[in-house]
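See below for the structure under consideration.
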Amino acid sequence: MPSLDPALLHWAVSSAAPGADVTEVRGLRDGGSPWLVRLSRGGSQRSVVLRVGTDPFPLHTEVAALQLAAEHHLPAPRLLAAELADDPPVVLVEQLRGSSMIPPERPSARLRTLGRTAATLHAIRLEPGPALPRRDRPIGSVDFAALRRQHPPQPLLQEAEQRVADAPLPRAVVFVHGDLWQGNALWTGDTLNGLIDWDCAGTGHPGIDLGSLRCDAAICFGPDAPTDIRQGWEEVAARPATDVAYWDVVAALSTPPDMGWFPSAIAGQGRPDLTQEVLLRCRDEFLRAALTRLDAPGG
């Protein structure tokens, strides 16, 4: 079981609440980073989250994204401190209240809220830079094309790759989260408290986030659920979403060919019923529908 370096714990306490007592330290992912640190001082309680990196670049992105989110009053954790030149690089944020557990039934109100929140991000124009680079797909840190080459060929995924390669890439320069799914949203009831894990953020087309949310909704709640995401987005954007089918295909290709680690990640969010077999079937159904719409006017 991993343990948090005492020196890093001391830095977190000194940065968040000097002199506070540590009441709990818990690894939030496989027993390790990010670390939840609960603090007590003078009768008051505070909880912070410490992310310890191996590669500083994702944490540079996280910091830049959280700073931009704060400037625009977006629902995101408050950045408390960061030491990106250290070994290891670390980022400390306030813990947000709420749960990321995925309900068993289609939560239309939540899905529309996620669509509306994504549209709020996408109202921010953003030129690419070193910390917030141009993105062309969700979860840009994972080479899904390389994963596909390591697995037996799947005709559906091969067709999708070819169709995307043959289509002109829709361009836009707006702020994107880059890894939007229900596991990165914290709720109290149907109230969204915030979005977390901004290390894939950058600039790109709104469809990067819209497709990611729609694919997630489809694999968790069935083929009609993505409609809620689009309705919420268009409500705030006050215009129709464009190139939806294209970005749905890109989102489906931004999953492991065999769904890889997705079943365990989703099971950790309260949906063990979404087995590898179920996720593959739902992903492929979503992808087939997107390919059918790809050449239709408006997608």
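In this chain, residues are counted from 1 in sequence order. Quick note: numbers below take in every heavy atom, side chains included, and nothing from hydrogens, waters or symmetry partners. Computed from a predicted model, the values in this text were never measured in an experiment.
Of all heavy-atom pairs spanning Leu50 and Ala12, the tightest one is CD2-CB, 4.3 Å. In terms of heavy-atom proximity, Pro226 sits nearest to Ala218 at CG-CB, 3.7 Å. The shortest non-hydrogen separation linking Leu126 to Gly202 is CD2-O, 3.7 Å. In this structure, Pro263 and Met259 approach most closely via the heavy-atom pair CD-O, 3.2 Å. Scanning both residues, Trp11 and Ala81, for their nearest heavy atoms gives CZ2-CB, 3.7 Å. Counting all heavy atoms, side chain and backbone alike, Pro75 lies closest to Asn193 at CB-O, 4.1 Å.
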field: Stepwise side chain to side chain contact (heavy atoms under 4.5 Å, CB included) test for Leu180 and Asp216
entry: CA-CA 9 Å; Leu180 273 187; Asp216 180 55; over 6 Å; no

Test side chain to side chain contact (heavy atoms under 4.5 Å, CB included) applied to Leu39 and Val13, step by step: CA-CA 8 Å; Leu39 305 171; Val13 174; 3.8 Å; yes

query: Run the side chain to side chain contact (heavy atoms under 4.5 Å, CB included) check on Thr255 and Ile139 step by step: do they pass?
result: CA-CA 9 Å; Thr255 62; Ile139 321 178; over 6 Å; no

- request: Take Leu210 and Ile229 through the test side chain to side chain contact (heavy atoms under 4.5 Å, CB included) and record every step on the way to the result.
  value: CA-CA 7 Å; Leu210 192 57; Ile229 299 290; 3.6 Å; yes

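For Thr117, there are no side-chain hydrogen bond (donor to acceptor under 3.5 Å, both in side chains) partners, not counting sequence neighbours. In terms of the side-chain hydrogen bond (donor to acceptor under 3.5 Å, both in side chains) criterion, Gln231 has no residue partners (sequence neighbours excluded). Every residue two or more places apart in sequence or in another chain was checked for a side-chain hydrogen bond (donor to acceptor under 3.5 Å, both in side chains) with Gln276, and none qualifies.
Counting only heavy atoms from C-beta outward, the side chains of Asp248 and Phe286 approach each other to under 4.5 Å. Taking 4.5 Å as the limit, every side-chain heavy atom of Trp35 sits out of range of all side-chain heavy atoms of Leu8. Contact check for Val52 versus Val90: side-chain heavy atoms found under the 4.5 Å cut-off. The side-chain heavy atoms of Leu274 and Phe262, taken from C-beta on, include no pair separated by under 4.5 Å. With contacts defined as side-chain heavy-atom distances shorter than 4.5 Å, the pair Ile196/Val93 does not qualify. With a 4.5 Å cut-off on side-chain heavy atoms, Val278 and Ile219 do not count as touching. Counting heavy atoms from C-beta outward, Arg283 and Leu157 have side chains that approach closer than 4.5 Å. Taking 4.5 Å as the limit, every side-chain heavy atom of His205 sits out of range of all side-chain heavy atoms of Tyr246.
Contacts classified as side chain to side chain donor-acceptor pair (under 3.5 Å) and involving residues 66-81 (residues at least two apart or in different chains) are given here: Arg78-Glu94. Sorted by first and then second residue, the pairs that involve residues 121-138 and meet side chain to side chain donor-acceptor pair (under 3.5 Å), not counting sequence neighbours, are His122-Asp209, His122-Trp233. Applying the ring-ring contact (aromatic ring centres under 6.0 Å, His included) test to residues at least two apart or on different chains, the pairs with a partner in residues 152-192 are Phe175-Trp198, His177-Trp198.
For the atom pair CZ (Arg288) and CD (Glu159), the distance works out to 9.5 Å, reported to the nearest 0.5 Å. Taking CG of Asp228 as the reference point, atom OG of Ser108 lies at 3.5 Å (rounded to 0.5 Å). The CE atom of Met101 lies 9.5 Å from the CG atom of Leu186; values are rounded to the nearest 0.5 Å. Atom CG of residue Leu59 and atom CG of residue Asp55 lie 8.0 Å apart, to the nearest 0.5 angstrom. The CG atom of Asp284 lies 6.5 Å from the CD atom of Gln154; values are rounded to the nearest 0.5 Å. In this structure, Leu287 CG and Leu156 CG are separated by 4.0 Å, a value rounded to the nearest 0.5 Å.
Under 3.5 Å, the side chains of Arg38 and Ser47 contain a donor-acceptor pair of N or O atoms. At a cut-off of 3.5 Å, with distance as the only test, a side-chain donor of Arg116 or Thr113 sits close to an acceptor on the other residue.
Thr203 contributes no side-chain N or O that, together with a main-chain N or O of Pro133, makes up a donor-acceptor pair within less than 3.5 Å. Under a 3.5 Å cut-off, the side chain of Gln95 and the backbone N or O of Val49 do not form any donor-acceptor pair. Asp258 places a side-chain N or O within 3.5 Å of a backbone atom of Gly260 that can act as its donor or acceptor partner.
Electrostatic pairing of Arg148 and Glu161 counts as a salt bridge here, judged by a charged N lying under 4.0 Å from a carboxylate O. One finds a salt bridge joining Arg51 and Asp197 here, because a Lys/Arg side-chain nitrogen approaches an Asp/Glu carboxylate oxygen to under 4.0 Å.
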